[in-house]
Amino acid sequence: VANSPTRHYPCDQDEPTCELSCDKSLPCGQHTCFKLCHLGPCDTCLQVRDKPCRCGKTHKEVTCSQELTCEIKCNTEKQCGRHICKRRCCTATECGHCDKRCDKTLPCRNHKC
């Protein structure tokens, strides 16, 4: 358009692509970017929503980008069948493998497993 105004931006500032809102999907997958159209990646999602903790036993209102953990101990039996998971707010996949040493005396009676 011949009579459209020309805008000038400082040389150290990116020129916006248009005057519309960005509306790209944010990493949370639940919300879209509310900023004006921009170059580069969008910011993290700051929308507040009711979100479950990692283990799913509690929930709280936090921002989408925040990972929620609770203080509840797992108390699930590990795969070894001898030890209990004592981590706080863990998922079932985190507590399955036992990382404790056996410390049983082997049949040679000189070494421990």
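Screening residues 20-33 for salt bridge (charged side-chain N to carboxylate O under 4.0 Å, His left out), with sequence neighbours left out, gives no hits. Residue pairs meeting the salt bridge (charged side-chain N to carboxylate O under 4.0 Å, His left out) criterion with at least one member in residues 58-70, sequence neighbours excluded: Arg54-Glu67.
Rounding to the nearest 0.5 Å places CG of Asn75 at 13.5 Å from CZ of Arg87. Summarising the geometry, atom SG belonging to Cys22 is positioned 9.5 Å from atom CG belonging to Leu36; distances are rounded to the nearest 0.5 Å.
Taking Asp43 as the reference, Lys35 meet the salt bridge (charged side-chain N to carboxylate O under 4.0 Å, His left out) condition, with sequence neighbours excluded. Residues forming a side-chain contact (heavy atoms from CB on, under 4.5 Å) with Asn110 (at least two apart in sequence, or on another chain): Cys108.
Residue Val62 shares its hydrophobic cluster (ILVMFWY side chains chained together at separations under 4.5 Å) with Leu68.
Between Pro27 and Ser65 there is no side-chain heavy-atom pair separated by less than 4.5 Å.
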Show me the side-chain donor-acceptor pairs of residues 45-53 shorter than 3.5 Å, one per line, residues at least two apart or across chains.
unit_1, atom_1, unit_2, atom_2, d
Asp50, OD1, His59, ND1, 3.0
Asp50, OD2, His59, ND1, 3.1
Lys51, NZ, Cys64, O, 2.6
Lys51, NZ, Gln66, O, 2.7

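Among all heavy-atom pairs drawn from Leu26 and Cys33, the shortest one is CG-N, 3.8 Å.
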Criterion side chain to side chain contact (heavy atoms under 4.5 Å, CB included) on Cys74 and Cys55, from CA distance to verdict: CA-CA 8 Å; Cys74 179; Cys55 71; over 6 Å; no
